[in-house]
Protein chains: 2
Amino acid sequence: MDVKTLCLGLLSVRPACGYDLKKTFGTSFKHFFPAGYGSIYPALADLAAKGLVNCEEIPQVGKPDRKVYSITKAGERAFIDALNRTEPQHKLRSEFLAMIYFADLMDDNRLAEVLDDHVEQLRETVRYIEHQEMAGSKTAGASFVAGFGAVIAQAAAEYIESHRHMLTPAPESEPQEDALTNCKWAANG
Amino acid sequence: MDVKTLCLGLLSVRPACGYDLKKTFGTSFKHFFPAGYGSIYPALADLAAKGLVNCEEIPQVGKPDRKVYSITKAGERAFIDALNRTEPQHKLRSEFLAMIYFADLMDDNRLAEVLDDHVEQLRETVRYIEHQEMAGSKTAGASFVAGFGAVIAQAAAEYIESHRHMLTPAPESEPQEDALTNCKWAANG
DNA sequence: TTAGGCATGTAAAGTGTTACATGATTTG
DNA sequence: CAAATCATGTAACACTTTACATGCCTAA
């Protein structure tokens with residue numbers, strides 16, 4: 001399932017222009033399937049060429065015509081079809097985790113910064129989803145997906161905070177007395 | 001950070017051939033940075049051309065020479081440098097979630113199948129990490145990353161199981177009596 | 001007056017995925 | 001006897017990302 005198919009899906013909910021779709025990809029879809037103009041506009045042109053969507057150009061003053069795309073019957077069929085045929089992949093690509101894998105080669109300050117930033121980003125994601133997405137979700141699917149994002153981000157933030165001590169050799173000030181300090185899996189119930 | 005840089009990082013741990021690296025990308029790195037031969041072999045050739053790794057060809061019978069790559073001083077510097085400069089992205093691309101977003105357009109059986117399969121896959125990931133990765137992790141970073149993967153997969157599986165009822169209109173047999181059944185965020189503490 | 005929102009798109013570069021091509025040895 | 005493992009690589013294809021190109025309106 002690519003950006004093109006997802007555009008089709010979003011247009012099955014309501015008509016929209018490329019700019020509108022970009023907003024959706026940049027907010028609701030951001031945490032699991034972000035996309036930019038460079039993918040969206042060609043996708044829309046392609047869908048229109050295949051007769052899966054119609055395009056109505058609405059003249060505007062001071063900006064380009066607003067091209068409002070709406071799904072056709074053929075488009076609806078094609079989307080349902082894609083939904084049933086596509087196998088649901090779920091791929092993470094995390095330079096963050098790759099970096100942490102090599103934490104022992106990193107400068108301590110840099111490591112702390114990377115960890116702090118990532119946790120903050122995750123917490124912001126949780127806040128955003130809980131305030132913006134959950135409130136505004138109309139379909140069950142949208143709510144489920146928003147909730148999923150929030151729960152995962154929350155779990156990730158908690159894991160990082162409760163396990164980051166694993167990554168730093170010693171708390172520098174006092175020499176450790178407790179053997180559990182070095183235990184790899186403490187707090188990993 | 002691309003596959004090339006990660007190959008360099010893995011070679012900073014120990015010398016290896018392309019085949020060995022593929023195994024790492026397909027096991028330890030699978031849940032956050034998978035890669036295939038098509039990325040790895042060109043990456044190694046490139047690293048060698050830049051003098052960041054050396055290549056020793058070990059003749060074998062019945063199979064191609066084993067090309068064992070080892071990192072050079074320049075390679076070590078380059079990797080540390082990449083570690084400090086690269087900004088740690090963390091991107092999910094989930095056709096699974098995209099699909100679920102449109103759950104109301106899906107056939108009930110298909111939806112159940114997709115959900116079941118994904119949960120099973122997540123549980124398998126947890127099992128794998130706990131049995132294979134956690135036991136064999138040598139560095140703190142490797143352990144941390146393995147634990148992260150297990151915790152997230154676990155949380156995802158639990159979320160799906162406890163919230164999938166949101167996606168199906170009614171439990172078919174008996175008409176629902178409890179108003180909470182339809183509550184969007186039940187069990188979302 | 002400056003930043004942000006609205007609104008369209010293209011083109012090149014970068015990367016990864018998949019399929020292809022080969023072939024002996026080992027394990028069940 | 002079949003399947004998996006070991007071991008190399010290339011080439012085409014697909015797709016996304018990023019930079020570029022344009023320009024008015026509105027709110028702070």
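Small disclaimer: the values here were computed from a predicted structure and weren't measured. The chains referred to below are lettered A, B, ... by the order of the sequence lines, with proteins before strands, and numbering in each begins at 1.
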How long is the line joining [atom1] of [X] and [atom2] of [N], in whole Å?
| X | N | atom1 | atom2 | answer |
| --- | --- | --- | --- | --- |
| A/E95 | D/dT17 | CD | C1' | 13 Å |
| B/E57 | D/dC6 | CD | P | 20 Å |
| A/E56 | C/dA7 | CD | C1' | 16 Å |
| A/D65 | C/dA7 | CG | P | 11 Å |
| A/D2 | C/dT17 | CG | C1' | 14 Å |
| B/M1 | C/dG16 | CE | C1' | 16 Å |
| B/I40 | D/dA11 | CD1 | C1' | 17 Å |
| A/K22 | D/dT17 | NZ | C1' | 12 Å |

Rounding to 0.5 Å, atoms CG (A/L52) and NZ (A/K73) come to a distance of 14.0 Å
To the nearest 0.5 Å, atom OH of B/Y69 lies from atom SG of B/C55 at 4.0 Å
Short side-chain N/O contact to [N] OP1/OP2 from [X], under 4.0 Å:
| X | N | answer |
| --- | --- | --- |
| A/K67 | C/dG9 | yes |
| B/R93 | D/dT16 | yes |
| B/Q60 | D/dA7 | yes |
| B/Y41 | D/dT8 | yes |

Note to self: What's B/V3 touching, base or sugar-phosphate or nothing? Going by heavy atoms closer than 4.0 Å.
What the structure shows: sugar-phosphate
Q.
Are the side chains of B/K91 and A/L92 in contact, using a 4.5 Å heavy-atom criterion?
A. no
- Task: Indicate, with yes or no, if the rings of B/Y101 and A/F29 have centres closer together than 6.0 Å.
- Result: yes
5'-most contact on DNA chain D (nearest-nucleotide basis), A/Y37 vs A/G62, goes to A/Y37
Taking for B/G38 and for B/K23 the nucleotide of DNA chain D with the nearest heavy atom, the one nearer the 5' end belongs to B/K23
Taking the side chain of [X] as heavy atoms from C-beta outward, which of [options] is closest to it?
| X | options | answer |
| --- | --- | --- |
| B/K63 | C/dA7, C/dG23, C/dG16 | C/dG23 |
| A/Y19 | D/dC6, C/dG16, C/dA7 | C/dA7 |
| B/P42 | D/dT10, C/dA7, D/dT16 | D/dT10 |
| B/R66 | D/dA7, C/dT8, C/dG16 | D/dA7 |

Report task. Quick one: sort the A/F25 and A/F33 rings into parallel, tilted or perpendicular, breaks at 30° and 60°. Result -> tilted
